[in-house]
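Quick caveat, the model's predicted, so the values are computed rather than measured.
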Amino acid sequence: MGKDIHVVSMDVETIAVIKKNKKIQHERMRQGNARIIMIHPFVFGLIIFLFLLGESNGRNV
């Protein structure tokens, strides 16, 4: 059973504020996703580097 929300009157300013807030949330989500996408290759490369470093040290001993 969903909640029924009845809006009697909504002025232009209220609508503008709601739209602005949604836009800000969307921008933050996009920035967050971009940040995660940028971090992933770095972490992936670091793990491979450390793995190879460990392997080479193991062979030398």
Side-chain angles (χ1 to χ4, degrees):
M1 289 174 25
K3 294 179 180 176
D4 292 331
I5 300 171
H6 296 286
V7 179
V8 178
S9 65
M10 189 179 284
D11 58 357
V12 178
E13 287 179 19
T14 308
I15 294 169
V17 168
I18 291 168
K19 284 184 178 178
K20 187 177 178 184
N21 285 342
K22 283 185 178 181
K23 188 176 181 182
I24 290 170
Q25 281 182 334
H26 186 64
E27 282 296 317
R28 283 185 185 156
M29 281 174 60
R30 280 180 53 206
Q31 287 175 359
N33 288 343
R35 210 173 292 133
I36 291 166
I37 290 166
M38 289 298 293
I39 288 170
H40 270 294
F42 175 75
V43 172
F44 186 66
L46 186 66
I47 290 168
I48 290 174
F49 174 75
L50 292 174
F51 177 74
L52 293 174
L53 192 68
E55 287 286 316
S56 65
N57 285 346
R59 286 194 208 117
N60 289 341
V61 171

Fill in: Residues that Arg30 engages under side chain to side chain contact (heavy atoms under 4.5 Å, CB included), provided they are two or more places apart
His26, Glu27

Worksheet entry | Contacts of type side chain to side chain contact (heavy atoms under 4.5 Å, CB included), residue Val43, not counting sequence neighbours | Ile39, Ile47

Discussion item. According to side chain to side chain contact (heavy atoms under 4.5 Å, CB included), who are the partners of Ile48, at least two apart in sequence or on a separate chain?
Written reply: Phe44, Leu52

Discussion item. For residues Met29 and Ile24: do they belong to one hydrophobic cluster (side chain heavy atoms under 4.5 Å, members Ile, Leu, Val, Met, Phe, Trp, Tyr)?
Written reply: no

